[in-house]
Colleague: 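Take a look at this one; I'll ask things after.
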Number of protein chains: 2
Amino acid sequence: MSERTRRIPEATVARLPVYLRSLLGLAEDDKAATISSERLAELAGVNAAKVRKDLSYLGSYGTRGVGYDVEYLLFQMSRELGLTHDWPVVIVGVGNLGQALANYGGFTDRGFPIAALVDADPAKVGEMVHGIAVRHIDDLPAIADGAGIAIGIIATPAGAAQEVADRLVAAGITSILNFAPALVTVPAETSLRKVDLAVELQILSFYQQQRAGPRAGVTVARTS
Amino acid sequence: MSERTRRIPEATVARLPVYLRSLLGLAEDDKAATISSERLAELAGVNAAKVRKDLSYLGSYGTRGVGYDVEYLLFQMSRELGLTHDWPVVIVGVGNLGQALANYGGFTDRGFPIAALVDADPAKVGEMVHGIAVRHIDDLPAIADGAGIAIGIIATPAGAAQEVADRLVAAGITSILNFAPALVTVPAETSLRKVDLAVELQILSFYQQQRAGPRAGVTVARTS
DNA sequence: CTGTGCTTGTGAACGTGAACACGTGCGCCC
DNA sequence: GGGCGCACGTGTTCACGTTCACAAGCACAG
Ligand SMILES: NC(=O)c1ccc[n+]([C@@H]2O[C@H](COP(=O)([O-])OP(=O)(O)OC[C@H]3O[C@@H](n4cnc5c(N)ncnc54)[C@H](O)[C@@H]3O)[C@@H](O)[C@H]2O)c1
Ligand SMILES: NC(=O)c1ccc[n+]([C@@H]2O[C@H](COP(=O)([O-])OP(=O)(O)OC[C@H]3O[C@@H](n4cnc5c(N)ncnc54)[C@H](O)[C@@H]3O)[C@@H](O)[C@H]2O)c1
């Protein structure tokens with residue numbers, strides 16, 4: 001096995017889950033043992049060459065003239081993504097969004113069981129959500145440690161986001177998904193991703209507005 | 001001689017809302033009339049040169065040696081993003097997520113009022129959520145038309161996502177935000193963005209696994 | 001009015017990822 | 001067992017976005 005520069009581009013990492021889901025999705029009825037890059041590309045909504053290049057980062061798991069063995073590919077992708085075991089998750093902020101996330105079964109199904117819910121509001125502590133008791137955020141270190149939690153989700157108001165992130169980091173959590181519309185900074189060795197719905201809507205608004213026609217006929221002038 | 005309407009790179013469009021929020025965030029106490037690219041960069045968590053280049057796509061609204069006039073910049077950015085008026089939104093799928101979104105005030109605050117809720121389940125139709133009556137998806141064309149809705153949010157199970165997207169498009173909606181973990185295709189003149197939480201978690205999982213050690217084996221390292 | 005300091009605006013270098021094209025190797029057919 | 005076709009793997013080219021560095025230009029002081 002070559003252990004050479006296996007650095008996988010970020011863009012590729014982001015597509016692997018999509019390939020994974022595409023493969024899981026076909027399963028049953030369309031039970032072919034192998035799949036071509038072209039077919040997978042179609043399922044995932046990308047270009048076939050991109051699929052091949054992406055998969056090549058994992059190793060040479062395809063067979064020329066045939067395609068990729070579906071089962072084996074699934075295994076390798078899961079392994080690479082670290083999905084061979086569960087990653088328990090803690091949700092911070094059991095409000096509107098936090099509860100929706102907690103009640104959603106899709107995470108547990110995909111290997112991300114909700115292991116704990118925490119909140120700063122004493123009124124929420126003790127409440128049961130989806131069979132899990134809400135605990136106080138001060139207990140975070142003990143909770144994270146006890147359950148071996150490595151991933152935290154921030155679902156608090158924006159004002160509390162940075163503080164919550166700091167507490168998550170202090171509790172030993174090294175991967176954070178932030179839903180609050182606020183800039184959060186974490187140490188370099190901590191992963192941080194954000195999901196910002198308002199930004200998504202504003203991006204849609206931009207293109208919508210663009211189409212609506214700010215003075216049609218004005219074409220792009222070459223600028224150089 | 002000002003070159004207006006330069007094509008704005010997608011990456012820049014995605015950052016404009018962040019700048020906008022940063023500016024709105026400082027407002028009150030820190031009420032300086034102008035702001036430098038360096039300061040704004042710090043607030044938005046990016047590089048100062050990037051801020052300047054991004055803002056330059058909007059036009060030359062800065063003053064050398066001084067900075068950008070905050071009020072004027074806010075106006076120009078809002079105008080460019082199409083935020084000078086509201087964009088009513090329809091949410092399709094009033095389940096877990098759909099209700100959380102409907103109950104969230106942040107969208108209305110930012111100019112994206114929830115104008116309608118629709119669902120395919122007869123049991124849900126008529127239900128009131130956040131003061132809005134859930135209507136049947138068959139009424140979508142009439143609803144969209146009547147309220148002048150241009151943006152739709154898909155919050156249905158993955159299996160229904162493509163069908164819902166088709167119906168949104170048929171109803172004249174040209175911007176779609178998809179929360180369902182499914183590949184959805186739309187006509188070229190329709191904007192589509194997706195938010196996929198499971199993918200986000202899997203990306204975090206990858207880097208987490210990466211840190212845990214390339215040769216750590218498949219068992220969980222419970223060394224907390 | 002001229003000099004000085006400061007921050008913008010932007011050409012150019014650089015880096016990364018996407019797309020392409022084709023060489024490569026495997027399976028299969030004859 | 002040799003040739004043929006097919007789909008992978010990948011070097012190359014291209015496009016885009018980021019970063020750098022600095023000239024340009026404005027405010028203000030003297
Ligand atoms: N609800 C949505 O659909 C939605 C959509 C997009 C973004 N968001 C964002 O997600 C975040 C949560 O939204 P929400 O609607 O659930 O808000 P919410 O007010 O309903 O819930 C926030 C929860 O966080 C808790 N909290 C506050 N400060 C805390 C702290 N320091 N530590 C721990 N817990 C704390 C509160 O007690 C509350 O339970 C917000 O930042 C919001 O902007 C929500
Ligand atoms: N709940 C979450 O926190 C969460 C998180 C991530 C992703 N998601 C995704 O968001 C989507 C919705 O999740 P949910 O938990 O709200 O599911 P849900 O089952 O609670 O709600 C789905 C709703 O969609 C309606 N629906 C089904 N088919 C429809 C159709 N053809 N037209 C109109 N409405 C239809 C159902 O009646 C139901 O009300 C799913 O795709 C899920 O994977 C949800």
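In what follows, chains carry the letters A, B, and so on, assigned in the order in which the sequence lines appear, proteins first and then strands, with residues in each chain numbered from 1.
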Colleague: What integer distance in Å separates A/Arg52:CZ from C/dA18:P?
Modeller: 15 Å
Colleague: Take atom CG of A/Leu73 and atom P of D/dA7, then tell me their distance rounded to the nearest Å.
Modeller: 16 Å
Colleague: At less than 4.0 Å, is any side-chain N or O atom of B/Lys50 found next to OP1 or OP2 of D/dT19? Yes or no.
Modeller: yes
Colleague: Testing the 3.5 Å rule here: is there a donor-acceptor pair between the side chains of B/Thr174 and A/Gln208?
Modeller: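 There is such a pair (donor and acceptor under 3.5 Å, judged by atom type) between the side chains of B/Thr174 and A/Gln208.
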Colleague: How about A/Tyr68 and A/Tyr61: are their ring centres within less than 6.0 Å of each other?
Modeller: no
Colleague: By nearest atom, which of the nucleotides D/dC20, C/dA19, C/dG17 is closest to the A/Glu10 side chain?
Modeller: C/dG17
Colleague: Could you tell me whether the phosphate oxygens of D/dT18, OP1 or OP2, come under 4.0 Å of any side-chain nitrogen or oxygen in B/Arg15?
Modeller: yes
Colleague: Separation of B/Lys53 atom NZ from D/dG17 atom C1', in whole Å?
Modeller: 9 Å
Colleague: Write down the distance between CD1 (A/Ile8) and C1' (C/dT16), rounded to a whole number of angstrom.
Modeller: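 Distance check: A/Ile8 CD1 to C/dT16 C1' gives 16 Å.
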Colleague: What integer distance in Å separates A/Gln76:CD from D/dG9:P?
Modeller: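 Between P of D/dG9 and CD of A/Gln76: 12 Å.
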Colleague: Starting from C1' on C/dT8, measure out to CG on B/Asp69 and report it in whole angstrom.
Modeller: 14 Å
Colleague: Atom OH of A/Tyr61 to atom P of D/dT10: distance rounded to whole Å?
Modeller: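 The distance from OH of A/Tyr61 to P of D/dT10 comes to 12 Å, rounded to the nearest Å.
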Colleague: Is B/Arg193 salt-bridged to B/Glu10, going by a charged N under 4.0 Å from an acidic O?
Modeller: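 Salt bridge: yes.
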Colleague: Below 3.5 Å, does any donor atom in the side chain of A/Arg64 face an acceptor in the base of C/dT24, or the other way round?
Modeller: yes
Colleague: Answer with base, sugar-phosphate or nothing: what part of the nucleic acid does A/Tyr57 contact at a heavy-atom distance below 4.0 Å?
Modeller: nothing
Colleague: Applying a 4.0 Å non-hydrogen cut-off, can you work out what B/Glu38 is touching in the nucleic acid: base, sugar-phosphate, or nothing?
Modeller: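 Result for B/Glu38 = nothing.
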Colleague: May I ask you to evaluate whether A/Tyr68 reaches the phosphate of D/dG9, defined as a side-chain N or O under 4.0 Å from OP1 or OP2?
Modeller: yes
Colleague: For DNA chain C, whose closest nucleotide is more 5', that of A/Thr12 or that of B/Ala49?
Modeller: B/Ala49
Colleague: For the side chain of A/Ser37, counting heavy atoms from C-beta on, which of D/dT10, C/dT7, D/dC8 is nearest?
Modeller: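 Nearest nucleotide to the side chain: D/dC8.
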Colleague: Give the nucleotide from the list C/dG17, C/dG9, D/dT18 with an atom nearest to the side chain of B/Ala11.
Modeller: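 Selected nucleotide: D/dT18.
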Colleague: Evaluate the side-chain hydrogen bond (donor to acceptor under 3.5 Å, both in side chains) criterion for residues B/Thr12 and B/Asp54: first the C-alpha distance (whole Å), next the side-chain angles of each, then the deciding distance (0.1 Å), finally the verdict.
Modeller: CA-CA 6 Å; B/Thr12 294; B/Asp54 285 343; 2.7 Å; yes
Colleague: Between C/dG27, C/dG9, D/dA27, spot the one nearest the side chain of B/Thr63, thanks.
Modeller: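 The closest nucleotide is D/dA27.
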Colleague: Measure from CG on A/Leu55 to C1' on D/dA7 and round the result to the nearest Å.
Modeller: 13 Å
Colleague: Hydrogens and angles aside, do A/Arg52 and A/Ser37 bring a side-chain donor and acceptor to less than 3.5 Å of each other?
Modeller: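 A pair is found: one side chain offers a donor N or O, the other an acceptor, under 3.5 Å apart.
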